[in-house]
Amino acid sequence: MSYNFAQIEKKWQDIWDQEQPFACSDDYTKPKYYALVEFPYPSGQGLHVGHPRPYTALDIVARKRRMQGYNVLFPMGWDAFGLPTENYAIKNHVHPAQVTAQNIKRFKAQLKALGFSFDWSREINTTDPSYYKWTQWIFLQLFKHGLAYKAEMAVNWCTSCKCVLANEEVVGGVCERCGSEVVRKTKSQWMLKITDYAQRLVDDLDKLDFIDRVKTQQRNWIGRSTGAQVKFPTSQGDDLVVYTTRPDTLFGATYMVVAPEHPLIEKWVGSITNMDDVRAYQQKAAHKSDFERTELNKDKTGVQIKGVTAVNPLTGKEIPIFISDYVLVSYGTGAIMAVPAHDTRDYEFAKKFHLPIVEVVQGGDIEKQAFTDCDTGIMINSGFLNGMTVEQAKEAIIQYLEEKGIGAKKVNFKLRDWVFSRQRYWGEPIPIVHCDKCGYVPLDESQLPLVLPDVKSYEPTDNGESPLAHMEDWVQTTCPKCGGPARRETDTMPQWAGSSWYFLRYTDPHNDQALASPAALKYWLPVDWYNGGMEHTTLHLLYSRFWHKFLYDIGVVPTPEPYQKRTSHGMILGENGEKMSKSRGNVVNPDDVVREYGADTMRLYEMFIGDFEKSAPWNPSSIKGCSRFLDRTYQMFDMLCEGQIRPEMEGDFHRTIQKVSQDIEDMKFNTAIAAMMTLLNKIYDTKSVTREEFKIFITLLNPFAPHVTEELWEMCGFPGRLNQTSWPEYDPAKCVENTVEIAVMINGKVRAKLQVAADISEQDAIAAAKANDRVQEFLGNMNVVKEIYVKGKLVNIVAKP
RNA sequence: GCCGGUGUGUUGGAAUUGGCAGACGAGACGGACUCAAAAUCCGUUGUCAGCGAUGGCGUGUGGGUUCGAGUCCCACCACCGGCACCA
């Protein structure tokens, strides 16, 4: 027989709405805990069963922390700007704001039905002008500090969204969002100089408690490498500057390659004798998308620049210069020295163009292939470097280059600046105007928020302009500086803008003087525990660290990093083990689960499904186990009797408190639940439960299943509310058992089991093991070679015939 | 190609980090209750051999280290995620 979860859950949700027990206090003298989950994009489909997994996990943490006496901030809001809403609005001829409001209403009802302990008084919405006022304000600060600039450049253009994408949004050559082809397009774009922070974004990872795979992925994305910048003189008098991570191989540089877009080519036009060929190659390269360029990586192409040569500064030899699209303009200096003997790409190119290959590190067979994995090799054919190890040569050459003034040590990053413009309607307007006289001029801060105007059509344009560009009334304005006629920026910000600082707003969400008060920021920051998806590691997570560091530099926030701890959950897959999606038809709606089993069962199952960090398939029949467990918990009320913890149950209770407490900290929610199930089974075996035992049991279970446990608390007549009580303590001394079962192994195979006192001495344990009949039988007349005793675990007797 | 991760019964997954593999669930089978079914309760459930006590074999594959390996080392296979001509 099932308890009436529908009635109980509704009852407590109403009570929580009324009593607001989860609203955090503004008493800044209390110890604080800031638990954060990524706020959702309120899509038209509503919540799916993947959302509640991280929310439940941190809800458990937040509820536990409150019981431990912390002032807990556990907020929720809406990351509501974005394309799907805009597309829906276009299709159905409704204003995106209206669509957003509807979707939020649905999401909020669904979240409330799951009993999350969010502080709803701090709800935020990125599309609210009182919110995006501050997003715009931060942009103005970036602009004023030279970190936002407009640049004409080749960008990623999604052919379907008709919109520019950031590098981070292009996945495998296609649009991350819609999967359509991405092409190169030259456009004037707002850019944010995240590259200025590359070094700090890498270095500061060391101080943070992020899970390793997040750190690794961010490090790889930022891509720091250490090498040298070297000047190669040319026949034109200009130096051709290259970046290399292998300055030790400089003697082996037998030719040079510049990117097709390299600016020196234009300078050399007059001297280049095969300009037609060069131009043809440039044209071809320009028409390839990035994807096509990398597709063709098996076959190197290129053209020699005739009429211009360079000189290897160490060998003094004249060497040819090529253009080839295997060299990228956007990395390093856009030019390389080619060392075919020790670089696979250079090797292929040299073979194809019959260029000399000079071995400078001994150990490989350069007749067959480039010798790249040569850290342990010895230098040859390298003048004063001969005989050195690669490592020694690196130091020696850099010293030499610096002394002679022809090069220097240099650190490079793969990270590029952030393309910040989007040619769409449903985003934050960029608060900049363009004046023919004054250039790009920021709006005065008093003019914020610059509100998104109503337009007739949200349809993106084919010419690559934002729908806002049609709003002549809005676009035409006056220059804040000279008062002359000027035009507003019509591109909007990317979706990542609002989410780059939202966690700051939660600390003081209604402030209209600042993005948040310094006192609130000082108290609440940094976020103590932030959980979110791996897919945001090189997007939202990196962007928000960048903005935060900038805000720290200008004195707005008190900490150099926004989040102290970052964890990530695994995805919930469909029953067939595939990613849940509408097109695969394997989407599970949480509303159905709540209706059939209740929110508490749903929460419990989401946590019991498996390792929190790994993805797991949804299995509807497995939910039954969680449902039965809660039923049995409820039925336990009928076994209730007066009294403290029974002596024979003491160890079990203390161990369970210990296990559940620790497992929550380690995100091992599944084993925490298993421990509670084991305890419940044991209680059922005794057919009774004392009030004190029951109190502990439902307190431990409360963060997982808050409704039914609160109800049971009330039914028992315990004072106040369960969520206001304190987390149970355990006594380590009572966790240890006084007798333990140890295994007796002979040559590594278990042959007997013994009950012994937990503190038995090694000698006694071994003696007891040897006295055992079965052991004697197995030992027969073999010679005991060795005896091993592992305290409380086993005795292993090694014997030979 | 590079970086990261995973591989355990029929099934989702445990295993104190080198110490009794399979906790806790699901499913299946047997039984109780029931006119019957559902629900609930009790029992069995890695695999092979044996009536049995018991024994052999078992954590993707092949080697190794160790008294002892799911766990450590070497080589390989499969799958998943990220990056990808980054000099």
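Below, chains carry the letters A, B, ... as their sequence lines are ordered, and counting in each starts from 1.
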A/Lys215 atom NZ: more than 12 heavy-atom contacts under 6.0 Å |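 Buried by this count: over 12 neighbours within 6.0 Å.
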Is the number of heavy atoms from other residues, nucleotides or ligands within 6.0 Å of CE (A/Met639) greater than 12?
-> yes
Using a cut-off of 4.0 Å on non-hydrogen atoms, how would the nucleic acid contact of [X] be classed: base, sugar-phosphate, or nothing?
| X | result |
| --- | --- |
| A/Lys410 | nothing |
| A/Glu787 | nothing |
| A/Ser622 | base |
| A/Ile788 | base |
| A/Asn670 | sugar-phosphate |
| A/Arg774 | sugar-phosphate |
| A/Asp212 | nothing |
| A/Arg219 | nothing |
| A/Asp611 | sugar-phosphate |
| A/Ser324 | nothing |
| A/Asn796 | base |
| A/Lys749 | sugar-phosphate |
| A/Arg632 | sugar-phosphate |

Is the gap between the ring centers of A/Phe322 and A/Phe349 under 6.0 Å?
-> yes
Would you say [X] reaches [N]'s phosphate, i.e. side-chain N/O to OP1/OP2 under 4.0 Å?
| X | N | value |
| --- | --- | --- |
| A/Lys786 | B/C67 | yes |
| A/Ser225 | B/A87 | yes |
| A/Asn220 | B/A84 | no |

G-U wobble or Watson-Crick pairing nucleotide for [N] (cut-off 3.5 Å, both distances):
| N | value |
| --- | --- |
| B/U45 | B/G27 |
| B/G58 | none |
| B/C85 | none |

Atom-pair distance (CG on A/Asp663; P on B/A23), nearest Å | 17 Å
Do A/Tyr326 and A/Asp346 have side-chain N/O donor and acceptor atoms under 3.5 Å apart?
->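 Their side chains do contain a donor-acceptor pair, which is all the 3.5 Å distance test asks for.
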Compute whether any side-chain donor of one residue and acceptor of the other, for A/Thr633 and A/Tyr3, lie under 3.5 angstrom apart.
->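 Absent: no donor and acceptor within the cut-off.
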Has the side chain of A/Lys300 got a donor or acceptor that lies under 3.5 Å from a partner of the other kind on the base of B/C85?
->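 For A/Lys300, whose side chain was compared with the base of B/C85, there is a donor-acceptor pair (under 3.5 Å).
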Glycosidic conformation of B/U8, syn or anti, with 90° from 0 as the boundary?
-> anti
